Amino acid sequence: MPIHNAEIAAILHEVADLLEIEGENPFRVRAYREAARTVENHPRSLAEMVGKGESLTRLPGIGEDLAGKIREIVRTGTLRQTEELRERVPPGLRSLLGVPGLGPRRVRELHRRLGITSAAELERAAREGRVRRLPGFGEKTERNILEALSRGETPRRFRLASAEPAARALEEHLRGCAAVREVVVAGSFRRRKETVGDLDVVACSHDGRRVVEHFVAFGGVERVVSRGGTRSSVVLKDGLEVDLRVVPEESFGAALLYFTGAQPHHVALRDMALQKKLKLNEYGLFRGEERVAGRTEAEVYGALGLRYIEPELREYRGEIEAASEDALPELLTREDIRGDLHSHTTATDGRNSLEEMARAAEERGYEYLAITDHSRRLRVARGLDERRLREQMEQIDRLNEELEGITLLKGAEVDILEDGSLDLPDGVLRELDVVICSVHHKLRLPEREQTRRVLRALANPNVNILAHPTGRLIGRREPCELDVERVMEAAVERGCILELNANPERLDLNDAHCRLAKEMGVRIAVSTDAHGTNELANIRFGVGQARRGWLEREDVVNTRSLGELRRLLRREGA
DNA sequence: GCCGTTTTCGGCCCGACTGTTTTCAGTCG
């Protein structure tokens, strides 16, 4: 079984943590962290690249040494260096780095002076009052450690959609403060990352203290972690941490840039600034004492010789180079979307009728909506057999005569059976406007079998779209073992479309896959898989993910007019 | 450990807040 990028990255992260606890050169530690990040973000399988003898040193942050280590991991599944480190640094110490307030320095002291190697030992030492006697520690630190341990705090990530209500409520709350001129939730939320660890709020005001006081009075606040004159940090009742920064108007753009990140993106910008003998921080871009930019982000990018870079691109995946060459993509927007190609009704497991779904889509300004109820294999959803599907097709024909602003497309979401055959006969599939196929059971097949299964389904000439290709559920279910690159090759050959499922629990394909699809020339459908009228609005999450994957209007099929779309679905004029 | 129109050595982002401190280290983002 080839090793996954995520597993390689995990090993590199462990090396970084252990080296840090040992007190290694922090830049060396950072090099491992950056390499790990590069690996986990890389759309292609490194194991495969190693197998093909491709060079790894072209990846950012990976030199000869790390390339060799990655090759060792791919070949042996492990790294001798890690094994050696584990003998010197008890692996339990690693988990202590996750305790708020404990960094590598303090963890090392705890180990060296008190022999602590685990959270349980730390708790005991703190209870016995031994921690407070260490230099640099005190009563308060000891108490904070105990509190953090009793909360059992493991940094938890929130799905974008679960953080959104809090983000909107906070924005509104802060706008209610007279001293606030502008407020934006920045960070990974603004980059539309599929999960966020916390919210970073940037407010524009000349009275920081007043804004901070207003901020900590927000109704959802569980506890205040810190509050100063320009910055504060709180934890909300649902456990989400929120950091606020207040800056004056002339710094707002620079602060947004700083707090939107991603960190490597901003570090690279600082680097560019240094090369131009400028200094970039959250207050502006400076030449000596003089502020040359900072009011808006565009101003800062401009002063660095770059085009404005959309937040979703700021992941340090080539966007800075593209901006300097004026080669940035013109990203997909919500307004580009002309219809939804995946939806369900009460005929199976949806909550609204055909007509209700149609009207809701019409209200969104769509030209078309594909009705794609499940096939019979999905028993829990009361999936349709051929007879019931034909009944629905007739209903759609009748309804289309009444509807004026929108057209319903006749479709189905057909289960891919274990052998790769489809759950409805070709005869009826041929009569549909759009055929989606997807895997809903046997998600744990080995990669070879899963890939063969999906490839066989795509070989059916009636199939248009492969829905939620990897089957992952964010935070709940890992993606299935699937050779996504092979599937994409097949999709290109056969004119099939891959779905970017916009359900915020799925967002499948992920951003890296979208980027790969674009590079390989695979067409994408951004679809909500709505099981009710209220879910059609989930399209915004799909658009965000598409933008993170550098997708443009041309790459996405449901930006086409109905006529163009119909031609595409007949696989003509590809 | 990486990286390079300030190159193969010597840099590597930087400011706020907290707690333990009499001037600052550690942590965090």
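Order of the sequence lines sets the chain letters (A, B, ...), proteins ahead of strands, with each chain counted from 1. Given the structure is predicted, the values throughout are model-derived calculations rather than measurements.
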Between OG of A/S232 and CD of A/E213, what distance do you get to the nearest 0.5 Å?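 Rounded to the nearest 0.5 Å, the OG-CD separation comes to 8.0 Å.
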Go through the steps to decide whether A/T117 and A/E121 satisfy the test side chain to side chain donor-acceptor pair (under 3.5 Å), and finish with yes or no. CA-CA 7 Å; A/T117 61; A/E121 287 171 23; 3.1 Å; yes
Is the phosphate of [N], meaning OP1 or OP2, less than 4.0 Å from a side-chain N or O of [X]?
{"X": "A/N281", "N": "B/dG15", "result": "yes"}
{"X": "A/T141", "N": "B/dT20", "result": "yes"}
{"X": "A/S232", "N": "B/dA16", "result": "no"}
{"X": "A/R231", "N": "B/dC28", "result": "no"}
{"X": "A/R28", "N": "B/dG1", "result": "yes"}

Consider the side chain of [X], meaning its heavy atoms from C-beta on, and name the nucleotide among [options] that approaches it most closely.
{"X": "A/K140", "options": "B/dT20, B/dG29, B/dC2", "result": "B/dT20"}
{"X": "A/S226", "options": "B/dT6, B/dC17, B/dG29", "result": "B/dC17"}
{"X": "A/E241", "options": "B/dC12, B/dG29, B/dA16", "result": "B/dG29"}
{"X": "A/K69", "options": "B/dG1, B/dG29, B/dC13", "result": "B/dG1"}
{"X": "A/K279", "options": "B/dG15, B/dC12, B/dG29", "result": "B/dG15"}
{"X": "A/L274", "options": "B/dG1, B/dA16, B/dC14", "result": "B/dC14"}
{"X": "A/P104", "options": "B/dG29, B/dC12, B/dT27", "result": "B/dT27"}

For the side chain of A/N25 and the base of B/dG1, is some donor closer than 3.5 Å to an acceptor across the two?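 Yes, the side chain and the base share a sub-3.5 Å donor-acceptor pair.
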Can you find a donor-acceptor N/O pair under 3.5 angstrom joining the side chain of A/Y258 to the base of B/dG29?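 A donor-acceptor contact between them is present.
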Looking at every strand, decide which applies to [X] at a 4.0 Å heavy-atom threshold: base, sugar-phosphate, or nothing.
{"X": "A/S233", "answer": "nothing"}
{"X": "A/D198", "answer": "nothing"}
{"X": "A/E34", "answer": "nothing"}
{"X": "A/N144", "answer": "sugar-phosphate"}
{"X": "A/G187", "answer": "nothing"}

Round to the nearest Å and state the distance from A/E64 atom CD to B/dG1 atom P.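 That distance rounds to 13 Å.
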Rounded to the Å, how far apart are A/R143 CZ and B/dT18 C1'?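 About 13 Å, once rounded to whole Å.
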Using the [atom1] atom as the point on both nucleotides, what is the distance between [M] and [N], in whole Å?
{"N": "B/dC13", "M": "B/dC28", "atom1": "C1'", "result": "14 Å"}
{"N": "B/dC17", "M": "B/dT23", "atom1": "C1'", "result": "16 Å"}
{"N": "B/dT20", "M": "B/dG26", "atom1": "P", "result": "14 Å"}

Are A/N144 and A/T141 close enough that a side-chain donor and a side-chain acceptor fall under 3.5 Å?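 Distance-only check fails for A/N144 and A/T141.
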Using distance alone, with no hydrogens and no angle criterion, decide if A/R181 and A/S205 have a side-chain donor and acceptor under 3.5 Å apart.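 Checked: A/R181/A/S205 side chains show no N/O donor-acceptor pair below 3.5 Å.
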Considering residues at least two apart in sequence or located in another chain, which fulfil the side-chain hydrogen bond (donor to acceptor under 3.5 Å, both in side chains) criterion with A/E64?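 Counting only residues at least two positions away or on another chain, A/E64 forms no side-chain hydrogen bond (donor to acceptor under 3.5 Å, both in side chains).
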Validate the cation-pi geometry between A/R192 and A/F189: distance from NZ or CZ to the six-membered ring centre under 6.0 Å, angle to the ring axis within 45°.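 Yes.
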Check ion pair A/R105-A/E109 (N to O, under 4.0 angstrom):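 No.
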Pair A/K69 + A/D65: basic N to acidic O under 4.0 Å: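 A salt bridge links A/K69 with A/D65.
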Under 3.5 Å, which N/O atoms of the protein pair with N/O atoms of nucleotides 23-25 of chain B?
none

